[in-house]
Amino acid sequence: MTTFEEKQPAVSVEKLKWMYEMMAKSRYFEDQMVEVYTEGKAPVFNIGAGPVPGEMHLSTGQEPAAVGICVHLTKDDTVTAPHRPHHHAIAKGVDLKKMTAEMFGKETGLGKGKGGHMHLFDPAVKFSCGGIVAAGIPHAVGAAMAAKMQGKDWVAVAFIGEGAANAGAFHESLNLAAVWNLPLILVIEDNSYGISVAKKAATAVETNDLRAAAYGIAGAHVKGNDPIAMYKVSEEAVARARNGQGPTIIEIETYRFLGHFQGDPELYRDKAEVPGLREQDPILKLRNSLVEAKGATEKELQKIEKRVKQEVDEAYQFARDSNYPAPEAALDDVFSS
Amino acid sequence: MTTFEEKQPAVSVEKLKWMYEMMAKSRYFEDQMVEVYTEGKAPVFNIGAGPVPGEMHLSTGQEPAAVGICVHLTKDDTVTAPHRPHHHAIAKGVDLKKMTAEMFGKETGLGKGKGGHMHLFDPAVKFSCGGIVAAGIPHAVGAAMAAKMQGKDWVAVAFIGEGAANAGAFHESLNLAAVWNLPLILVIEDNSYGISVAKKAATAVETNDLRAAAYGIAGAHVKGNDPIAMYKVSEEAVARARNGQGPTIIEIETYRFLGHFQGDPELYRDKAEVPGLREQDPILKLRNSLVEAKGATEKELQKIEKRVKQEVDEAYQFARDSNYPAPEAALDDVFSS
Amino acid sequence: METAKKRILTGNKAMAEAIALEMERDPKVFVLGEDIGNYGGIFGSTQGLMEKFGKERVLDTPISETAFIGAAIGAAAEGMRPVVELMFVDFFGVCMDQIYNHMAKIQYMSGGNVKLPMVLMTAVGGGYNDAAQHSQTLYATFGHMPGLKVVAPSNPYDLKGMMISAIQDDNPVVFMFHKSLQGLGWMEQLDVSAAHVPEESYTVPLNKAKVMREGTDVTIVGIQMTVHQAMEAAERLAADGIDAEVIDLRSIAPIDKETIIDSVKKTHRLFIVDEDYKSYGMTAEIAAIAAEEAFYDLEAPIRRLANPDVPIPYSRPLEQFVLPNADKIYEQVKNLMNE
Amino acid sequence: METAKKRILTGNKAMAEAIALEMERDPKVFVLGEDIGNYGGIFGSTQGLMEKFGKERVLDTPISETAFIGAAIGAAAEGMRPVVELMFVDFFGVCMDQIYNHMAKIQYMSGGNVKLPMVLMTAVGGGYNDAAQHSQTLYATFGHMPGLKVVAPSNPYDLKGMMISAIQDDNPVVFMFHKSLQGLGWMEQLDVSAAHVPEESYTVPLNKAKVMREGTDVTIVGIQMTVHQAMEAAERLAADGIDAEVIDLRSIAPIDKETIIDSVKKTHRLFIVDEDYKSYGMTAEIAAIAAEEAFYDLEAPIRRLANPDVPIPYSRPLEQFVLPNADKIYEQVKNLMNE
Ligand SMILES: Cc1ncc(C[n+]2csc(CCOP(=O)(O)OP(=O)(O)O)c2C)c(N)n1
Ligand SMILES: Cc1ncc(C[n+]2csc(CCOP(=O)(O)OP(=O)(O)O)c2C)c(N)n1
Ligand SMILES: [Mg+2]
Ligand SMILES: [Mg+2]
């Protein structure tokens with residue numbers, strides 16, 4: 001197995017290429033979504049118009065957080081994600097066609113069009129997300145509990161934004177997971193903002209991994225939106241969880257290239273901020289390192305990019321081609337029988 | 001001013017005598033309540049019978065937590081207490097007659113009989129309590145915020161049990177108070193149990209003052225249910241709060257001599273546990289030290305005890321003599337006009 | 001059941017027996033909540049389970065309702081079948097997001113791809129002076145928001161049978177038990193809180209009201225405590241020559257409209273009684289159903305008795321003033337008969 | 001107001017202006033919530049306040065609804081007059097304990113000795129495909145539980161006047177504003193979301209429904225969005241010779257029974273329409289009031305239209321299927337006239 005060296009221990013090239021592919025897929029998926037979302041919303045923006053209506057929270061720039069840990073997971077491990085879930089879903093292997101169709105509100109969607117982009121559920125790979133800040137953490141605790149009760153070495157990963165670390169559910173969940181020594185990993189994506197409110201105006205500590213002390217568990221901090229550092233920290237955290245050594249908090253410094261949601265006027269941040277962040281694009285950086293360190297040839301990478309493009313394009317085509325559910329289907333699926 | 005020396009800095013004898021008096025008053029008040037509460041509930045215990053029906057949570061043994069900090073407060077400072085509020089109410093100077101009458105459900109009570117023992121409100125001394133675990137913490141945050149907004153040096157103290165330190169409201173409130181640098185002090189009374197659940201089965205850290213690290217604030221731990229140690233730690237915390245230096249968490253190791261509520265079968269703890277705790281009665285200990293160190297004469301202390309007895313006896317008499325509210329009064333006081 | 005050997009159980013023991021039977025049958029069933037282990041549940045709903053099934057399947061939790069109810073949701077999504085206790089329904093507000101945005105909606109939002117086979121059990125009811133934060137029923141609060149089956153059994157037989165149904169149901173169920181009907185030694189002893197309960201496993205449907213007493217002159221709909229009050233009132237009305245039909249609603253959601261409408265079609269008068277708050281409450285929904293679907297059968301205005309729109313006061317005379325009881329039902333039904 | 005110079009404001013600006021006027025008048029008034037500072041509130045309810053009053057009186061909070069709504073309660077108990085925003089009503093479950101066990105009950109439990117002069121404002125409503133966790137109105141959830149005044153204004157004039165009343169009221173008020181009636185640039189533009197609003201301070205009572213259109217044949221009761229739908233339906237009904245009276249309920253609690261009953265006594269028919277869930281909802285309470293107090297005046301069954309008992313689906317055809325609209329009202333009222 002070829003390995004790829006940085007200052008730290010080795011990461012296999014296969015894993016790096018997988019991470020590159022997933023990041024590229026997420027990015028290309030969202031680049032398309034930026035366009036699709038505006039369909040029907042121009043010249044006058046109307047959130048309820050177009051093929052993909054409702055709120056749209058994109059994760060462009062935040063891909064490292066998702067791939068750096070999901071690379072260590074199997075489909076038996078659980079992931080819960082928040083309102084900004086595409087990069088996690090893609091890294092966890094959620095069915096891309098059904099996911100896209102769901103965002104288009106089609107009957108072929110993951111939730112038959114009932115969920116929408118904030119409510120993607122793919123039990124085949126144990127993925128879920130939701131629109132209430134911090135509410136997915138307890139669900140991951142429950143998955144971790146279920147794994148432990150069934151004697152499995154499965155782990156559960158909850159993703160949240162840094163703003164969610166001030167919600168009550170954060171504290172209750174971590175205390176419970178720690179007391180019960182559950183295989184839970186909480187990944188906090190610090191993109192500096194909760195909508196318009198800066199982290200420093202909302203959070204009493206510099207970095208949320210410090211809060212691990214409140215639960216007697218492990219904490220780690222990843223700087224610079226670095227997928228490889230995320231990989232390494234996550235590798236340890238997942239191993240600890242699988243070995244019955246309890247929960248970990250990981251906070252990663254990451255960047256939100258776009259607004260909180262599409263249509264956000266972003267008056268709360270400096271116009272120059274985003275171009276500065278974009279210069280640090282983690283996908284380009286990983287691509288460059290792979291090429292420079294001869295971990296992958298330009299040709300190999302182009303092949304990956306082509307595959308990604310094809311898969312995403314197909315997913316959008318599938319979504320567009322699918323039918324809307326019959327209106328009366330609104331009455332189904334409240335209860336199963 | 002006479003002072004009273006221990007290993008640590010001086011505490012004035014006046015303050016110690018005040019603390020002794022408040023502890024003695026709380027204890028005598030509750031000793032009476034143990035009796036009164038059983039009236040009408042024998043030979044068959046029926047929680048809804050007798051002059052004082054409903055749940056009854058007594059703080060017997062936990063008095064040091066309340067007096068050690070309230071000694072530093074004035075009536076402009078706010079106290080919020082939980083479901084076990086008598087020692088706090090007495091130390092904060094709540095009107096004892098009205099408080100007792102409230103527990104008897106009389107129209108002369110603090111809440112005209114609408115509140116009961118878990119819902120005592122005395123705005124004259126800025127005291128409140130409530131029956132929902134951890135819910136009083138945000139109210140204290142609000143009082144601290146109001147003080148700060150009005151440019152006052154008033155502080156707010158929230159009391160909770162150690163079980164409440166695992167509730168979401170704990171985390172949200174401390175983060176908010178820390179971010180806004182509010183004059184809040186959170187006092188956690190660790191009596192080892194949340195009803196039947198032992199602290200170690202519910203709490204991921206050994207002592208909750210460690211959780212101060214999660215908010216970048218001060219934390220302190222008081223051992224051995226010691227009112228003098230509580231006095232000192234509180235003195236610093238209150239001074240910090242008044243000087244704009246932000247919140248403090250204090251956890252005090254204390255003892256619950258009685259059940260969680262009256263009628264608790266207490267099957268979750270060893271029969272020998274309570275007699276052991278009673279040997280460490282903090283009131284007797286303070287009395288003995290006062291006498292030994294010649295801080296107070298036996299005669300002075302007896303005078304205090306007589307005063308306490310008289311005041312409490314009068315409060316009970318007042319409560320008994322008062323009238324029940326007219327039944328239709330149930331419809332009043334939802335809204336003020 | 002009437003002919004079987006008369007094994008008498010209190011409400012709480014009937015519940016605990018139901019849970020035990022299901023735990024024996026299905027290893028995926030487990031229980032969690034505050035003080036549900038050693039203590040056996042503050043209202044005895046899990047009595048004896050810890051001894052029988054051990055700490056691995058009967059989990060005492062920290063005071064963290066959002067975390068542990070949310071964890072039950074997460075475990076249910078993975079195929080476990082948790083029974084989780086919210087000690088008093090009055091505490092719903094610290095965890096309602098988990099109950100209402102997740103437990104109730106995930107099945108729907110996932111288009112039926114995720115199932116949440118879980119039971120949230122919780123104690124309701126007042127009458128013992130536990131004041132505003134510990135005495136509510138909140139039936140309509142849970143009934144109003146779709147996605148949950150919500151039941152409120154009134155007797156030991158139903159407590160057992162409906163709990164078994166709830167655990168076996170693949171949908172999220174809110175199971176409300178009334179403190180005063182648990183038959184606990186430290187509460188007022190009500191005859192109706194202990195009754196014959198068969199030893200074996202059996203189910204009672206989660207969507208059927210029950211006619212407790214047939215009658216021809218007026219329909220009285222109640223639930224939990226008010227059913228028993230209505231039965232007492234009906235006896236006294238009978239002595240006055242008024243033959244009341246008494247219906248135990250049993251299920252708050254979904255509502256068994258048919259049983260109510262059939263009864264109104266027969267009696268032509270409707271009286272509804274509820275321990276919950278009046279406005280936007282159960283009495284409103286039942287009245288609306290009748291005014292929509294049995295309007296031409298009604299011969300008099302609908303009457304409803306419920307907690308007036310005030311929080312529940314502590315003091316005995318005040319609480320007795322707001323709570324429904326047999327006297328009030330008797331009197332108000334008599335008035336209704338004169339309309 | 002009709003004769004004054006026509007200064008047109010959107011709903012959100014009317015609200016923000018009301019708050020600004022009160023902040024100028026009374027230094028105890030302040031505002032807190034998520035993104036209510038720089039951002040001006042996600043639905044524009046606090047637009048311009050931060051610039052005008054600074055960070056000391058317009059406080060952006062962490063995502064900690066229990067803490068900051070609880071803090072508003074604590075501050076109100078000390079005599080401050082907070083206006084606190086819960087961004088979407090759908091998030092109520094993370095802080096309902098503060099709202100319902102404290103904000104609503106402290107005045108009562110204290111026998112009136114503590115006052116809580118505070119306003120909790122929150123955005124309600126769907127129709128723009130924001131799905132199950134961001135589209136609810138939950139009117140009845142708040143109306144059911146006593147201790148809160150709960151209002152839901154339908155137009156800029158009322159938004160301003162009722163907000164001023166709410167802030168001046170010594171009691172806790174829940175102020176629901178409808179997203180689609182805020183007149184925001186990024187939502188569908190509805191004519192009714194911008195209207196003449198006088199510049200000066202004025203109040204609109206918190207306990208009075210309003211007859212929006214007088215009529216003799218049928219009473220239609222709606223609230224917020226459904227009032228406008230009802231008005232549209234009424235125009236079409238008029239063309240068919242049916243003269244509908246349209247009532248804007250405005251206040252969910254307390255309910256202005258009189259206006260409704262007076263209307264039913266005149267029209268003899270009642271149709272109720274609500275964007276909230278049907279069971280145990282507003283339509284139930286209004287129907288029950290009529291069936292109790294105007295029974296003999298009714299000539300036909302009461303009819304109600306509301307969100308069927310399902311969570312709110314994302315996809316456009318599904319959401320449109322569950323939401324009320326003018327077409328459905330028109331058709332169902334026509335059916336009712338044939339009863
Ligand atoms: C309980 C709750 N409160 C508020 C919101 C509204 N809201 C949605 S996302 C968001 C900001 C979240 O910030 P963060 O956790 O940092 O995630 P990010 O959006 O930055 O990815 C807020 C306030 C919500 N969805 N749920
Ligand atoms: C939110 C909430 N959950 C549960 C309860 C029930 N309850 C009342 S007191 C208590 C235990 C509290 O333990 P702790 O905080 O240690 O206080 P202590 O009783 O020991 O003084 C519990 C679980 C409640 N009142 N509120
Ligand atoms: Mg963020
Ligand atoms: Mg304790």
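All chains are named by letter (A, B, ...) in the order of the sequence lines, taking the proteins before the strands, and each is independently numbered beginning at 1.
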Inset, instruction - Counting only heavy atoms closer than 4.5 Å, note whether A:Val197 contacts chain D via side chain, backbone, both or neither. - result: both
Legend entry - D:Gln133 and A:Met118: CA distance, side-chain angles, deciding distance, side chain to side chain contact (heavy atoms under 4.5 Å, CB included) verdict: CA-CA 9 Å; D:Gln133 296 177 340; A:Met118 280 190 277; 5.7 Å; no
Inset, instruction - Verify the neighbour count for atom CD of D:Glu331: are there more than 12 heavy atoms of other residues, nucleotides or ligands below 6.0 Å? - result: no
Inset, instruction - Under 4.5 Å, counting heavy-atom pairs only, tell me which of D:Val94, D:Asp130, D:Leu184, D:Val310 racks up the most with chain A. - result: D:Asp130
Inset, instruction - Please tell me if the side chains of A:Asn46 and D:Trp186 come closer than 4.5 Å, counting only heavy atoms from C-beta onward. - result: no
Legend entry - Qualifying residues under salt bridge (Lys or Arg N to Asp or Glu O under 4.0 Å), relative to D:Asp35, sequence neighbours excluded: none
Inset, instruction - Measure up the A:Tyr268 and D:Tyr39 rings against each other and bin them: parallel (under 30°), tilted (30 to 60°), perpendicular (over 60°). - result: parallel
Inset, instruction - Examine whether an atom of A:Tyr193 lies under 4.5 Å from a heavy atom of chain D, and if so say whether it belongs to the side chain, the backbone or both; otherwise answer neither. - result: neither
Legend entry - Sub-4.5 Å side-chain heavy-atom contact between D:His134 and A:Glu55: yes
Legend entry - Listed partners of A:Asp270 passing side-chain contact (heavy atoms from CB on, under 4.5 Å), at least two apart: A:Ala272, A:Glu273
Legend entry - Contact residues of residues 317-326 of chain D (partner chain A; heavy-atom separation under 4.5 angstrom): D:Pro317, D:Leu318, D:Phe321, D:Val322
Legend entry - Heavy-atom side-chain contact between D:Ser315 and A:Tyr324 under 4.5 Å: yes
Legend entry - Region of A:Lys41 in contact with chain D, defined by heavy-atom distances below 4.5 Å: neither
Inset, instruction - Inspect the surroundings of NZ in A:Lys98 and state if more than 12 heavy atoms from other residues, nucleotides or ligands are less than 6.0 Å away. - result: no
Inset, instruction - Against chain D, label A:Leu331 side chain, backbone, both or neither, depending on which of its atoms sit under 4.5 Å from a heavy atom there. - result: both
Inset, instruction - Give a yes or no on this: more than 12 heavy atoms of other residues, nucleotides or ligands lie within 6.0 Å of atom NZ of D:Lys13. - result: no
Legend entry - Region of D:Ile42 in contact with chain A, defined by heavy-atom distances below 4.5 Å: side chain
Inset, instruction - Check whether any side-chain N or O of D:Arg316 sits under 3.5 Å from a backbone N or O of A:Pro53 as a donor-acceptor pair, and report yes or no. - result: no
Legend entry - A:Ala49 portion near chain D, given a 4.5 angstrom heavy-atom threshold: backbone
Inset, instruction - Please flag which part of A:Glu328 lies under 4.5 Å from any non-hydrogen atom of chain D: side chain, backbone, both or neither. - result: both
Legend entry - Interchain contact, A:Ala135 with chain D, by part (heavy-atom threshold 4.5 Å): neither
Legend entry - Close approach to chain A in residues 54-70 of chain D, criterion heavy atom under 4.5 Å: D:Asp60, D:Thr61, D:Pro62, D:Ile63, D:Ser64
